[in-house]
Amino acid sequence: MHILSFSSLLFRLRLHEEKIIKDRRHHLRTYPNCFVAREVIDWLIERKEASDRTIAIELMQKMIDTNIIHHVCDEFKDFKDAKLFYRFRKDDGTFPLDQEVKVFMRGQRLYEKIMNSDNSLLQAREEDGVSYERTFVASQIIDWLIQEQEAKTRSEAEQLCRRLLEHAVIQHGKRRPGYVSSGNHRFQTEV
């Protein structure tokens, strides 16, 4: 049994749901749909998404490096654990549409479709005494992609899942490389 995660997709949605992302004011100016860096670092640690501040900063820096988030005025290229405003590029329309972004956007659309459907694809699962949230079984996601007409064949569905895996939209729960479509292999969503 193996496990894979939709992280930056879910992360953004969770921050919106919990009102971490919201309109904020600074020096008489309103910055829509942004978050405070320090609050996000605290949030990641409180929810055990990061073990400490250094790891949380590294996670957020990766999001800057991949153009998922940015400082609201683009003054900082490094993520700082401070009272600075950052924003998801999707929230301000500055998300570049290269191939990686297209894969990311498709992954986000698929994640939202899964979350809005009455199925049990994403579940908490345990493997070797480790608990994993928002996981799915590889063979079940392949079947779901075909059923929902997101892919015409198993081969096409597997290719889509490989692209999602290569672009870190999903990841193997134990960080194992590759994508397997049969058996009890489990994956987590990476948003």
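All residue numbers refer to positions in the sequence shown, counting from 1.
At a threshold of 4.5 Å between non-hydrogen side-chain atoms, the residues Glu18 and Arg47 count as touching. Here the side chains of Glu156 and Thr153 are in contact, with some heavy-atom distance below 4.5 Å. Arg53 places a side-chain heavy atom less than 4.5 Å from the side chain of Asp42. Residues Lys152 and Ile146 have side chains not in contact (no heavy-atom distance under 4.5 Å, counting atoms from C-beta outward). Side-chain contact between Leu110 and Leu160: present, with at least one pair of heavy atoms (C-beta onward) separated by less than 4.5 Å.
For the ring pair (Phe, Tyr, Trp, His ring centres under 6.0 Å) test, residues two or more places apart in sequence or in another chain that qualify with Trp43 are Phe11. The salt bridge (charged side-chain N to carboxylate O under 4.0 Å, His left out) search around Lys80 returns none, not counting sequence neighbours. Applying the salt bridge (charged side-chain N to carboxylate O under 4.0 Å, His left out) rule to Asp143 yields the partners Arg154; only residues at least two apart in sequence or on another chain are considered. With sequence neighbours excluded, no residue forms a salt bridge (charged side-chain N to carboxylate O under 4.0 Å, His left out) with Glu112. His71 meets the ring pair (Phe, Tyr, Trp, His ring centres under 6.0 Å) test with Phe76, Tyr86; sequence neighbours excluded. By the salt bridge (charged side-chain N to carboxylate O under 4.0 Å, His left out) test, Asp23 is found to be paired with no residue, residues two or more places apart in sequence or in another chain being considered. With sequence neighbours excluded, the residues that form a side chain to side chain contact (heavy atoms under 4.5 Å, CB included) with Glu148 are Lys113, Trp144, Glu150.
The CG atom of Asp92 lies 11.5 Å from the CD1 atom of Ile69; values are rounded to the nearest 0.5 Å. Here the CD-OG1 distance, from Glu126 to Thr135, works out to 11.0 Å after rounding to the nearest 0.5 Å. For the atom pair Arg12 CZ and Lys90 NZ, the distance stands at 5.0 Å (nearest 0.5 Å). Annotation: the span from Arg14 atom CZ to Leu44 atom CG amounts to 9.0 Å, rounded to 0.5 Å. One finds the CD1 atom of Ile170 at 11.0 Å from the CZ atom of Arg163 (value rounded to the nearest 0.5 Å). Taken from CG in Leu122 to CD1 in Ile141, the straight-line distance is 7.0 Å, to the nearest 0.5 Å.
Under a hydrophobic-cluster definition in which Ile, Leu, Val, Met, Phe, Trp and Tyr are linked whenever side-chain heavy atoms come within less than 4.5 Å, directly or via other members, Ile21 and Phe85 are assigned to different clusters. Grouping the Ile, Leu, Val, Met, Phe, Trp and Tyr side chains by contacts below 4.5 angstrom, directly or via other members, places Ile20 apart from Val72. Note on Phe136 and Leu165: same hydrophobic cluster, where clusters join Ile, Leu, Val, Met, Phe, Trp and Tyr whose side-chain heavy atoms are under 4.5 Å apart, directly or indirectly.
Taking 4.0 Å as the cut-off between side-chain N and carboxylate O, Arg89 and Asp74 count as a salt-bridged pair.
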Identify each donor-acceptor pair in which a side-chain atom of residues 26-40 lies under 3.5 Å from a protein atom, sequence neighbours left out, and give them as a table.
from	atom 1	to	atom 2	distance (Å)
Thr30	OG1	Arg25	NH1	2.7
Arg38	NH2	Asp81	O	2.7
Glu39	OE1	Arg24	NH2	3.1

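A donor-acceptor contact shorter than 3.5 Å is absent between the side chain of Gln140 and the backbone of Leu121.
Here Ile55 is tied into one hydrophobic group with Leu59, each link being a pair of ILVMFWY side chains closer than 4.5 Å.
Among residue pairs with one or both ends in residues 55-66, none qualify as salt bridge (charged side-chain N to carboxylate O under 4.0 Å, His left out); sequence neighbours excluded.
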May I have the step-by-step check of salt bridge (Lys or Arg N to Asp or Glu O under 4.0 Å) for Arg162 and Glu166, ending in yes or no? CA-CA 6 Å; Arg162 278 190 197 96; Glu166 288 165 4; over 6 Å; no
Side chain to side chain contact (heavy atoms under 4.5 Å, CB included) for His70 and Phe88? Distances and angles first, verdict last. CA-CA 7 Å; His70 67 108; Phe88 280 83; over 6 Å; no
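No more than 12 heavy atoms of other residues, nucleotides or ligands lie within 6.0 Å of CD in Gln149, so this atom counts as exposed by the packing criterion.
Contact detail for Leu145 and Cys161: the closest heavy-atom pair is CD1-SG, 3.7 Å.
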